[in-house]
Amino acid sequence: MGATDSKLAFRKGVFRLFEEQNIPYTADDYWSLFWTLPESVDDVYSLIGASDIRRARDSSRENLETLIDKLLNQMNAIVAAANFPANTTSIPQLLNCFRVLSRLIPYIFESPECSEWEDKLFWVPRSVERIPEPATQEEADEQPKTQPQYDTLPPRGEVILTLTLQCLFLAGFTLPPTMTTTEGGKVNHVIWESGVGSSTPIGSSRENDMHRIEVLRLLIVLLSRSMYVSPSQVLSKEDRWLHFIVAKTERKVVLALLCSLLNTACKYNPLGWGVPYNHVVFTDTREQLVVMCLRVLLVILDYHSPRVAHTMRQIDQRVTSPPAEVVSGADLLIQDPEKRALAEKQAQDAESSQNNGDFEVDETSDNSFRHYLSKLHRAQDFQFLIDGIYRILSNPMQANNTYLPGSTKRVRCHVEMMMLCWKLLETNQRFRSYLMDTERALDLMVVLVYYAMENKLDPAQVGLVRMCAFILQTLSSDRTFGVKLNRPFDGHSSLPAGIRIPAFHGTYADFLIISIFTLIATSRGSLSTLYPALILTITNISPYLKNLSVTSSSKLVTLFGSMSAPGFLLADEANHRLVGYLLEAFNNIIQYQFSDNPNLLYALVRSNGKFEKLRDFSLDKAVAEVERVRQLKEEKLRRNSVSRASSDDTKSVQSEEVKEGQKDGLSEKARGKLPESPVGESSSSGATEPPQRQASTSSITTTVLPGAKNGFMATEDWVSQWHGQLPLQPILVLLEHLVPQVQTLCSTQSLTSDAQVLEFLRGITLVGILPPPPPIFIRKFRWGEALVIWFRSMLWGQAYVSSITDYCPWSGTQVKLFQIKQQLVGAEQPPASPQQQQQPTAV
């Protein structure tokens, strides 16, 4: 549509759509404008405006219905042609049908006033008068006049989805022209790429890829109905579009689509031939196809029927009601055969397994895609998936760690690929076991830490950081992963500077523990909702940790000191659980890996005052301590303000403030250098400030502590309820046994070096000293209703933002699943026009 006259004619046709009522169905010259005049996606999106569609929807719905019917008839005529493509205009017209439908449908979805009309339009079978066969004049005179007969046609929604799925496997369009069926049919359900389910490539062309993008764009629009449903109703309201795909699609279509989307995404190599700056010279349309494949696949895999949502809601009510102590997942009791008698613990294991069976939700029975994904079992398929997933996930880390800045292409689909990895881990247990048996499990952990560290202070990427924390908790619930963490991290020096630890010579476990500490300590309280997942990750791996380094041991004890501080404990009703999880981690190491962790034992001995203070914790003492800390801070601020007013060197004063703030706060370097001392001996210069939790970002200024955002106030009954349940006994028994011995040796035998103390701790035994070991609790990540809604909001929000620079079909519509905030585009994002500078916020 390069000519101005053609564009003008098309615009006049769009105006007529809402200016004239009941345009005849037989006005073919008019309706054909919509699939004959546009020449590109840009023509459709620029010449059919949002206001045009809304005016037609609100004032001339019958015209929209007719337009959709004409588009479907034209699509069906083109696809059903025996010699497709019948002529040179067949493919352009078919593409225009997809483009116009992609443009129209979001505006039908967005209006709550149109919901009844929408259901009738797309999901009510249609009755069409049957056209009688032509008869001669004599036959017409002889036969009496009969009542008209009607044929029942399937709903338009089913027709659109069926045609869309057919076009994804159409020879000469999305498949090479030679890929016809043995009977000569043009629709052939073959897998696009070699990989899962196929070892033979079909030789797709760039043109095939571009056509797939157009078809997948319409498919993702058809499946986006949940974007226009409020979060409170998104799970309880059935999505008919998704339900048809997952429950009513033929098995061969499901398998072909599932494997095609998987293989296309996991076979993508963003580096190409590995030539530096090649992405600057050449446009990579393959990445756009990969992004569309990942989106469609994730939306389909994320489908939950209202029945499953109702079950989740019931589980949430049972798990969160007292006396449940689980924060992020259901407790799963397991045995450690090396440390406990089998006969004694088998009964506990069976009972726990039976109890936890109530928390399992079968999500594969009502989703054929999840069902077949869970059935994958071949080792070569798992290796293909793992290599492809890691190739994409590690790309941003590699692109950020090159000698030539910007020489390596940085992909934009890493968030979607991480979502796919998470779905695979939770859907296919065999894939998860295979991953744990390979080195990729440790590589995946490093990549997750990288994303979390890089984005910890970016409000726009908080969903990505949250996903990293939840996947880490998922990995930590596997015993094989915990054992693998004891391997030396030899490749640490090649990591990007952002996650590299100075002078590091430890294991993967050391790297993970120090990184979790850094996340908590340097995120300024913005990740407070992720503290449970991060701490539970440490607790889950604790029974298997060996030879923890001096630094990681010190960080663990420092983290315990911060979270057991009165100000942190009284700031939120659930903060005491974090302390309990850390105590549980210490107990697991003491009970099961005592002889292999002298550095942690030494750190515990040196910080025995912190545990004694927690043992003697009371509300009155805690309030007094909080008030003392508050007064010290006020005094310090007063001194700083006086110093700032009297000093001429402003830069020098600011530098000193930063240093003091880091020393008193949670700076990693400062806390790593501070000497360990009993809490009772802490002073204003040596105290460490606890991490912020649940919006408790301000100092506690009154004896009636406001705490979290829900107005929590600590009481004596609340303290007595949890304080007696803390697993303090094993560690107190240990300290009561070791501290006097170490003090005596240091005073009588002149043990002045840490090495001598560590040697003594290595040779000591606790047989008969410690109480019987408690059972090991592994807390798996558990999906709840709120988390499912969050994941869906993040998925569609990511799709919305990523599509802004590429003809976003939802831009400007009234999205309800998340909020759109107008803000400047970040430096790393592709440039966009001012009206496109938007960012979703999940509700």
Side-chain angles (χ1 to χ4, degrees), residues 1-3 6 9-10 13 28-45 47-48 67-104 156 159-193 200-222 250 252-253 256-257 260-261 264 285-286 288-289 292-293 296 807:
M1 198 192 296
S6 298
F10 189 75
D28 293 336
D29 291 342
Y30 169 73
W31 298 116
S32 61
L33 296 177
F34 288 92
W35 58 78
T36 57
L37 289 186
E39 295 180 353
S40 65
V41 186
D42 185 68
D43 287 343
V44 172
Y45 276 75
L47 298 179
I48 304 179
L67 175 57
I68 292 174
D69 285 338
K70 298 296 285 188
L71 289 169
L72 294 180
N73 290 341
Q74 182 66 15
M75 290 171 64
N76 186 65
I78 294 174
V79 173
N83 57 341
F84 174 87
N87 51 59
T88 56
T89 62
S90 295
I91 291 179
Q93 289 182 10
L94 184 59
L95 289 174
N96 284 333
C97 291
F98 282 109
R99 294 162 182 167
V100 174
L101 285 172
S102 300
R103 184 63 171 154
L104 297 178
R156 294 182 181 90
V159 175
I160 297 177
L161 287 171
T162 301
L163 282 171
T164 304
L165 293 177
Q166 287 179 351
C167 289
L168 286 174
F169 301 96
L170 183 60
F173 185 60
T174 51
L175 299 179
T178 58
M179 297 302 298
T180 57
T181 62
T182 55
E183 295 81 11
K186 291 292 185 176
V187 177
N188 189 8
H189 296 98
V190 296
I191 300 174
W192 294 348
E193 297 286 346
T200 306
I202 64 174
S204 300
S205 64
R206 175 186 171 91
E207 188 179 32
N208 294 144
D209 287 350
M210 296 302 296
H211 295 165
R212 290 168 184 170
I213 292 172
E214 298 271 12
V215 180
L216 288 174
R217 181 184 287 118
L218 174 59
L219 182 57
I220 198 71
V221 166
L222 296 175
E250 289 184 79
K252 65 178 181 179
V253 181
L257 182 59
S260 296
L261 298 177
T264 303
T285 58
R286 192 69 173 178
Q288 189 178 0
L289 175 61
M292 297 299 293
C293 289
V296 171
Y807 306 109

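Counting from 1, the numbers follow the sequence of the chain as shown.
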Please name the pair of heavy atoms, one in [X] and one in [Y], separated by the smallest distance, quoted to 0.1 Å.
| X | Y | answer |
| --- | --- | --- |
| Ala256 | Ser260 | O-OG, 2.6 Å |
| Thr36 | Ser32 | OG1-O, 2.6 Å |
| Ser102 | Arg217 | OG-C, 4.2 Å |

Counting only pairs under 3.5 Å, give me each side-chain donor-acceptor contact of residues 166-181, with atom names and distances, residues two or more places apart or in other chains.
{"from": "Thr174", "atom 1": "OG1", "to": "Cys167", "atom 2": "O", "distance (Å)": "2.6"}
{"from": "Thr174", "atom 1": "OG1", "to": "Leu168", "atom 2": "O", "distance (Å)": "3.0"}
{"from": "Thr174", "atom 1": "OG1", "to": "Phe169", "atom 2": "N", "distance (Å)": "3.4"}
{"from": "Thr174", "atom 1": "OG1", "to": "Leu170", "atom 2": "N", "distance (Å)": "3.2"}
{"from": "Thr181", "atom 1": "OG1", "to": "Gly184", "atom 2": "N", "distance (Å)": "3.4"}
{"from": "Thr181", "atom 1": "OG1", "to": "Gly185", "atom 2": "N", "distance (Å)": "2.7"}
{"from": "Thr181", "atom 1": "OG1", "to": "Gly185", "atom 2": "O", "distance (Å)": "3.4"}

Can you name the salt bridge (charged side-chain N to carboxylate O under 4.0 Å, His left out) partners of Lys186, sequence neighbours left out?
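Partners of Lys186 by the salt bridge (charged side-chain N to carboxylate O under 4.0 Å, His left out) criterion come out as none, since no residue qualifies.
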Mind checking the [atom1]-[atom2] spacing from [X] to [Y]? Nearest 0.5 Å is all I need.
| X | Y | atom1 | atom2 | value |
| --- | --- | --- | --- | --- |
| Leu222 | Leu216 | CG | CG | 11.0 Å |
| Asp43 | Ile48 | CG | CD1 | 10.0 Å |
| Leu72 | Thr162 | CG | OG1 | 10.5 Å |
| Leu261 | Glu193 | CG | CD | 11.5 Å |
| Ile68 | Leu101 | CD1 | CG | 6.5 Å |

Under the ring-ring contact (aromatic ring centres under 6.0 Å, His included) test, which residues partner Tyr807, sequence neighbours left out?
Tyr45
What residues form a ring-ring contact (aromatic ring centres under 6.0 Å, His included) with Phe34, not counting sequence neighbours?
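Phe10, Tyr30.
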Any salt bridge (charged side-chain N to carboxylate O under 4.0 Å, His left out) pairs touching residues 67-83, not counting sequence neighbours?
Asp28-Lys70, Asp69-Arg126, Asp69-Arg156
If we only count heavy atoms from C-beta on, is the Phe84 to Val79 side-chain gap below 4.5 Å?
no
Residues in side chain to side chain donor-acceptor pair (under 3.5 Å) contact with [X], at least two apart in sequence or another chain:
| X | answer |
| --- | --- |
| Asp209 | Arg212, Arg286 |
| Arg99 | Asn96, Glu214 |
| Asp42 | none |
| Ser205 | Asn208 |

Asn83: what forms a side chain to side chain contact (heavy atoms under 4.5 Å, CB included) with it, not counting sequence neighbours?
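Here the qualifying residues are Ala81, Ala86.
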Just to verify, what does Asn87 make a side chain to side chain contact (heavy atoms under 4.5 Å, CB included) with, not counting sequence neighbours?
Thr89, Ser90
